[in-house]
Amino acid sequence: MTAPINPADSLLERAPQALRDLVTSHFPQPWRWFANGLLADVAILAVFGLLFAALTLAERKILGRVQNRPGPNRTGPFGLLQPIADGIKMLSKEDIVPRDADHLLHFLAPVTLLASAIMAFAVIPYGRNLVPVDLDAGVLYFFCVGATTELAVFMAGWSSHNKYSLLAAMRALAQLISYELPLLLSWVPVVMISGTLSTTGIVAAQSGWRWGWMPTWHVFTPWGLAGFIIFMVSALAESNRSPFDLPEAESELIAGHLTEYSGCKYVFFFMAEYFGMTALSGMAVTLFLGGWHAPLPALEFIPSYAWFGIKLISLLMGFIWIRATFPRLRMDQLTRFAWKFLVPLALINLATAAFWSLSFGWSGPMLAARCGVALVLVIVPFVLLGRRLTAGLAPRSYAYAT
Amino acid sequence: MLGSGLLQGLGVTAKNLVGSFHDPKRLTTVEYPEQKTKLPEAYRNFPFLVSESAEDPMGTLRCVACQICEKECPPQCIFIEKSKDKKPDATGKMQIYPAVFLIDSSVCMNCQICVEVCPFDAIKMDHEYEIATTERFNALLLDREALAKPNSYFHEIRPEEAAEVDGRLAAERKAAEEKAKAAALAKASAAAKPAAPPSAVPPKAEPPKPSASA
């Protein structure tokens, strides 16, 4: 019997760093930090660019299957070359700029949006020691960068010199700012419990297993579960995904602030949406799903970045599943849901987390009491607020014409 | 409770997603260029000219160039030029035939009026729907060679209607033959009785002589 090797020392686990050191060892010592950063950029762009392409295909395939049709299957085997065909088509389209548009802002809006979406990838820990920039306030940085998208959306609407674009941009702003609040409030408990704003610190706080098998991920606590759900709902709205995709509801609101965009710039918006969705999912994995940690000690032989990838892709599939299921919300339903439901729940969740933090030392039968009280704190406001929210509105009764 | 309907909906879509992989009944798509559905018999798209035989389509066209369809066609997409000579038609009568028969398929609106008005069952609606061409003008103007399709093809696409038409034409042919026979008989009997009163001269019945005068 050989002694079990430490998972941190396995070959696959060390492969990314070994590869990076192999490349950057050719640079002189003072420039090595720069080369490391550049290499991380290239890796992020390559991996998430390919993930974007694969995601568009997977989305179309899954949506097709859910709607009982096969989805794209003409380009290449099983339609695998569809993203390439889409890319060629979009890039070869004419880039039309309205004559009266503010040309500089019209150009800058997609660039700003895409840049901020890519910058958000900088602080996510993708695996053990695999974080491009390990900031002390990484979570804060992530959400500050994410808030830049609101600026870009309004730039797009304003510079198009089109009243529909402008109105749509204001509508999008109202949505993004409404959902910014529950999004930010939902991760505050995580910071309260783990006591750090650093993403690597939060992942480290979720390491280990209780009783040898139950992962100590935040999502497995009452406040963590509530926070995770609020976070994911807000993330849907922040990345303009269905059922909160009012900013670009092609079928009834033209294309919102994207009305005057075509060709490559439109692709930038599209990419930024998927990058934003991926980054928010990555953050959700980091904050609530234990980052790159394996769910069971026996599964630690799978390298940490693979675990991160598995969790990330499951969340993205969840996004697609939700898109395939729910109809789009109306504007008033959208804001009411944020202000009357998600924000109060997120605030109450702070109290739940505070109780959880105060009852840290409880054990034995008191542990059950701790879980019970926290669960009550989560479920009772949910039920009561849900009743208030749907009072007089649901379940609907339909009067058929006789 | 709030959210139970959402979970139900997620269940429905998940069932669809999984079901589409193992239950062919769920995935109803027909992959068109490779698979084709069987068209209903009454499906119609663009007319064709019926000819009796596949070997000599131009010699056995049922069309007698009466030009009714040309006059009735609402968008006026038919152009017919009559022949100078005559040929026996489907019922054995001597008839002229179309020397030129053109249909502009870019103008035709598939209304089937030409078929309804044709007294000779010479023009019928086709089942052909892959009619795209790479050339806009000449390729869309179809001449009688392109329009003619044999009766066997008509049987293939519309068995019921074709059987009905064949039966009717056979009956007409038989009636014409009997009439001709009766006329010949009357002529023969008239010739045998030269003492008949001169006022009762039998009308000159033209015997159907399939003379190849073409």
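Every chain is numbered from 1 and lettered A, B, ... according to where its sequence line falls, protein lines coming before strand lines.
- With a 4.5 angstrom heavy-atom cutoff, I62(A) touches chain B via backbone and side-chain atoms both.
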Below 3.5 Å only, please: all the donor-acceptor pairs between chain B and chain A, one per line.
| from | atom 1 | to | atom 2 | distance (Å) |
| --- | --- | --- | --- | --- |
| L10(B) | O | W321(A) | NE1 | 3.2 |
| T13(B) | OG1 | W321(A) | NE1 | 3.0 |
| T13(B) | OG1 | T325(A) | OG1 | 2.8 |
| N16(B) | ND2 | V66(A) | O | 3.0 |
| S20(B) | O | R65(A) | NH1 | 2.8 |
| E31(B) | OE1 | N73(A) | ND2 | 3.0 |
| E31(B) | OE1 | R74(A) | NH2 | 2.9 |
| E31(B) | OE2 | N73(A) | ND2 | 3.2 |
| E34(B) | OE1 | R74(A) | NH1 | 3.4 |
| E34(B) | OE1 | R74(A) | NH2 | 3.2 |
| E34(B) | OE2 | R74(A) | NH1 | 3.1 |

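- The distance from atom NZ of K124(B) to atom CZ of F154(B), rounded to the nearest 0.5 Å, is 4.5 Å.
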Give the C-alpha distance, both sets of side-chain angles, the deciding distance and a yes or no for salt bridge (charged side-chain N to carboxylate O under 4.0 Å, His left out) between R44(B) and D126(B). CA-CA 6 Å; R44(B) 65 168 202 233; D126(B) 205 345; over 6 Å; no
Please lay out, stage by stage, how E177(B) and K181(B) fare under the test salt bridge (charged side-chain N to carboxylate O under 4.0 Å, His left out). CA-CA 6 Å; E177(B) 271 167 21; K181(B) 219 183 269 172; over 6 Å; no
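- To the nearest 0.5 Å, the span separating CD1 on I68(B) from CD1 on I123(B) amounts to 12.0 Å.
- Counting only residues at least two apart or on different chains, the side-chain hydrogen bond (donor to acceptor under 3.5 Å, both in side chains) pairs with a member in residues 70-84 of chain B are Q67(B)-E70(B).
- Contacts between P24(B) and chain A at a heavy-atom distance below 4.5 Å are absent for every atom of the residue.
- S152(B) pairs by the side chain to side chain contact (heavy atoms under 4.5 Å, CB included) definition with P150(B), not counting sequence neighbours.
- For residues 133-149 of chain B, an interface with chain A (any heavy-atom pair closer than 4.5 Å) does not exist.
- Salt bridge status for D121(B) with R168(B): present, with a side-chain N to carboxylate O gap under 4.0 Å.
- Within 6.0 Å of OH in Y129(B) there are more than 12 heavy atoms belonging to other residues, nucleotides or ligands.
- Separation of the Y153(B) and F48(B) ring centroids falls under the 6.0 Å cut-off.
- Two rings, from F101(B) and F79(B), have their centers 6.0 Å or more apart.
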